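Beneath this line is the structure, given in structure tokens, with notes to follow.
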Number of protein chains: 2
Amino acid sequence: MTISEENYLKVIYHLSLVSPKGVNTNAIAGMLDTKASSVTDMLKKLSEKDLVAYQKYQGVTLTENGFRSAKMIVRKHRLWEVFLVEKLGFAWDEVHDIAEELEHIKSETLINKLDEYLDFPAFDPHGDPIPDVNGVMKKVNKLLLSEVEINKEYQCVGVKDSSSEFLKYLDKQKIALGSTFVVKEKESFDDTLLVEVNSKQITISNKIANNLYVQ
Amino acid sequence: MTISEENYLKVIYHLSLVSPKGVNTNAIAGMLDTKASSVTDMLKKLSEKDLVAYQKYQGVTLTENGFRSAKMIVRKHRLWEVFLVEKLGFAWDEVHDIAEELEHIKSETLINKLDEYLDFPAFDPHGDPIPDVNGVMKKVNKLLLSEVEINKEYQCVGVKDSSSEFLKYLDKQKIALGSTFVVKEKESFDDTLLVEVNSKQITISNKIANNLYVQ
DNA sequence: ATAAATTTTTAGTTTTGTCTAAATTTTTAT
DNA sequence: ATAAAAATTTAGACAAAACTAAAAATTTAT
Ligand SMILES: [Mn+2]
Ligand SMILES: [Mn+2]
Ligand SMILES: [Mn+2]
Ligand SMILES: [Mn+2]
């Protein structure tokens, strides 16, 4: 598989978690920063290789083959992110782009040895689950901070948006995976939250609360 | 720089250590397993980018730019090899092909953090020197085992051929970097050596002796 | 010095992945 | 139900990096 094919496969995987019925050409183009016509070309090729099920105008889904391959790319991406943070001391907002390159390194042995070296982590630095050697991931019952009960205690277990801007905002607010949240008040007008984090009270907009996973 | 350009640059670097006057098109084609005509095309492109000095029919040399870039690729290759052997537990004959891919990962920060994580190694698992962040390498006065004095003690410090076959042969003979050699006899007919390694005597062909560096 | 052999370059194709512009199909709105 | 809008596909083109075959330059041998 080429790097380009792998990138398409991974994007289709991520999008099909949200739209399992079938992923749109335009959605793929948007994620890959390319044109719809290029996507159509690639879908035909992936279809030839039995990695996706593609019907003109009807969107695309992953085949069993494609699903397995996509999960292995995600596995590599997330294991490399753990390596970069845990071993090399990168911040969690710095690792995504490097992992985008590292995820295309071919060796199976490499990734399995890396997995072992990292002690078989179940989650990446952003709280996303890492498929094991058989593609199995830990399932977590997580909620968005925006959906949470008042005056109950929650732990931060992940971020939905893992853009550098958002992660840096969290750093500034001293919010990290494991931080404890108690929502004290919810402003009904704009859904702004008054939240106790690390025994300090801060105000959190609805947009922020919609991108923080808690448990 | 594309992966292909980087591969050409690295090959030109290695070849120019042997023929500093200028590297032949055919030699490059041989190393990259490609055709001479493809090499010519690429030389024109690298020349455009001021990475090589190229004159039709006259061979090619690296410019200052090209030399610096090539050394940084070699740096990445060798640091990744150290990582694979030291941290992930790969054998020294298993790492070259994986490092061929890893050497093309773009981030400067990554390689400098890796360097630090590995404690700034000066040599890779095959005894080859690793350029530091400024491109400077430790210079070693090494000899081939075939050129050595009789009954004097030497340490193995590197291999010239680092093919898997040769390295596996060395494993079988329990020869590794650091092994102590004393040449007891040299057969004048075919230059076969009788060598004491690890207090055992073994016979070593001229071809083998020509691929072992000692000090 | 000339001819033969070798090396290198040029010219013309191919494949991969992209693009633009136009055509077609599907979806949405009236 | 029809028209307008949006999404998708097709057709044709391009750049990168490779190839084959032929031409040109250089080197080697007689
Ligand atoms: Mn990521
Ligand atoms: Mn991640
Ligand atoms: Mn190597
Ligand atoms: Mn090496």
Side-chain angles (χ1 to χ4, degrees), chain A residues 1-16 18-62 66 69-70 73 100-101 103-104 106, chain B residues 1-16 18-62 66 69-70 73 100-101 103-104 106:
Chain A
M1 233 189 306
T2 66
I3 290 179
S4 191
E5 287 171 345
E6 290 191 343
N7 283 333
Y8 274 92
L9 220 52
K10 194 181 53 160
V11 160
I12 295 167
Y13 169 82
H14 286 308
L15 289 171
S16 58
V18 183
S19 25
K21 303 278 171 194
V23 176
N24 295 333
T25 303
N26 266 346
I28 300 169
M31 293 270 281
L32 283 169
D33 210 22
T34 185
K35 295 292 146 81
S37 55
S38 308
V39 174
T40 302
D41 287 346
M42 183 58 88
L43 293 183
K44 286 177 188 165
K45 202 200 309 185
L46 293 174
S47 183
E48 279 304 306
K49 297 192 172 184
D50 190 39
L51 293 164
V52 302
Y54 169 61
Q55 299 223 85
K56 267 194 187 186
Y57 295 102
Q58 303 308 305
V60 72
T61 55
L62 293 172
S69 300
I73 301 162
E100 286 290 311
E101 293 189 56
E103 75 192 1
H104 301 294
K106 293 282 175 299
Chain B
M1 232 189 309
T2 66
I3 290 179
S4 192
E5 287 171 346
E6 289 192 343
N7 283 333
Y8 273 92
L9 221 50
K10 194 181 53 159
V11 160
I12 296 166
Y13 169 83
H14 286 308
L15 289 171
S16 58
V18 183
S19 24
K21 303 278 170 192
V23 176
N24 295 331
T25 303
N26 267 346
I28 298 168
M31 294 269 283
L32 284 169
D33 210 22
T34 186
K35 295 291 145 79
S37 55
S38 308
V39 174
T40 302
D41 287 346
M42 183 58 89
L43 292 183
K44 286 177 188 164
K45 201 199 311 185
L46 293 175
S47 182
E48 279 303 306
K49 297 192 172 185
D50 190 36
L51 293 164
V52 302
Y54 169 60
Q55 301 223 83
K56 266 194 187 187
Y57 294 101
Q58 304 308 304
V60 72
T61 54
L62 293 171
S69 300
I73 301 163
E100 286 290 310
E101 293 188 56
E103 75 192 2
H104 301 294
K106 293 283 175 300

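Below, read A as the first sequence line, B as the second, and so on, with proteins coming before strands; counting in each chain starts at 1. All figures in this text were calculated on a predicted structure; none of them were measured in a lab. These numbers come from the heavy atoms of this one structure, side chains and all, not from hydrogens, waters or symmetry mates.
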Under 4.0 angstrom between B:Ser38 side-chain N/O and D:dC19 OP1 or OP2: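 Looking at the OP1 and OP2 atoms of D:dC19, one of them is under 4.0 Å from a side-chain N or O of B:Ser38.
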
Contact between [X] and [Y] at the side-chain level, heavy atoms closer than 4.5 Å - yes or no?
{"X": "B:Ile12", "Y": "B:Thr61", "value": "no"}
{"X": "A:Leu43", "Y": "A:Thr25", "value": "yes"}
{"X": "B:Ile28", "Y": "B:Val60", "value": "yes"}
{"X": "B:His104", "Y": "B:Asn7", "value": "yes"}
{"X": "B:Val23", "Y": "B:Tyr54", "value": "no"}

Any N/O donor-acceptor pair, A:Ser37 side-chain to C:dT20 base, under 3.5 Å: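 A donor-acceptor contact between them is present.
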
Sub-3.5 Å pairs of nitrogen or oxygen atoms, protein against nucleotides 23-26 of chain D:
unit_1	atom_1	unit_2	atom_2	d
D:dA25	O4'	B:Tyr57	OH	3.3

Polar side-chain atom of A:Ser16 near backbone of A:Tyr13 as donor-acceptor pair, under 3.5 Å: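 Pair found, side chain donor or acceptor close to backbone of A:Tyr13.
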
Polar side-chain atom of A:Thr34 near backbone of A:Gly30 as donor-acceptor pair, under 3.5 Å: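 No, because the side chain of A:Thr34 does not come within donor-acceptor range (under 3.5 Å) of the backbone of A:Gly30.
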
Residues B:Tyr8, B:Leu51; criterion side-chain contact (heavy atoms from CB on, under 4.5 Å); working and verdict: CA-CA 11 Å; B:Tyr8 273 92; B:Leu51 293 164; over 6 Å; no

Find the distance [X]:[atom1] to [N]:[atom2] and express it as a whole number of Å.
{"X": "A:Lys44", "N": "C:dT18", "atom1": "NZ", "atom2": "P", "value": "15 Å"}
{"X": "B:Met42", "N": "D:dC19", "atom1": "CE", "atom2": "P", "value": "11 Å"}
{"X": "B:Asp41", "N": "C:dA11", "atom1": "CG", "atom2": "P", "value": "11 Å"}

Residues that A:Glu101 engages under salt bridge (Lys or Arg N to Asp or Glu O under 4.0 Å), provided they are two or more places apart: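 Scan of A:Glu101 (salt bridge (Lys or Arg N to Asp or Glu O under 4.0 Å), adjacent residues dropped) gives none.
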
A:Glu5: salt bridge (Lys or Arg N to Asp or Glu O under 4.0 Å) partners, not counting sequence neighbours: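 If we apply the salt bridge (Lys or Arg N to Asp or Glu O under 4.0 Å) test to A:Glu5, skipping adjacent residues, the hits are A:Lys45, A:Lys49.
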
Residue-level proximity of residues 3-14 of chain A to DNA chain D when a heavy atom falls under 4.0 Å: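 Result for residues 3-14 of chain A: none.
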
Residues from residues 24-35 of chain B lying under 4.0 Å of DNA chain C - heavy atoms: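 Residues of residues 24-35 of chain B that come under 4.0 Å of DNA chain C are, in numerical order, B:Asn24, B:Thr25, B:Asn26.
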
Salt bridge (Lys or Arg N to Asp or Glu O under 4.0 Å) partners of residues 6-15 of chain A, not counting sequence neighbours, each pair once: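 Sorted pair list: A:Lys10-A:Glu100, A:Lys10-A:Glu103.
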
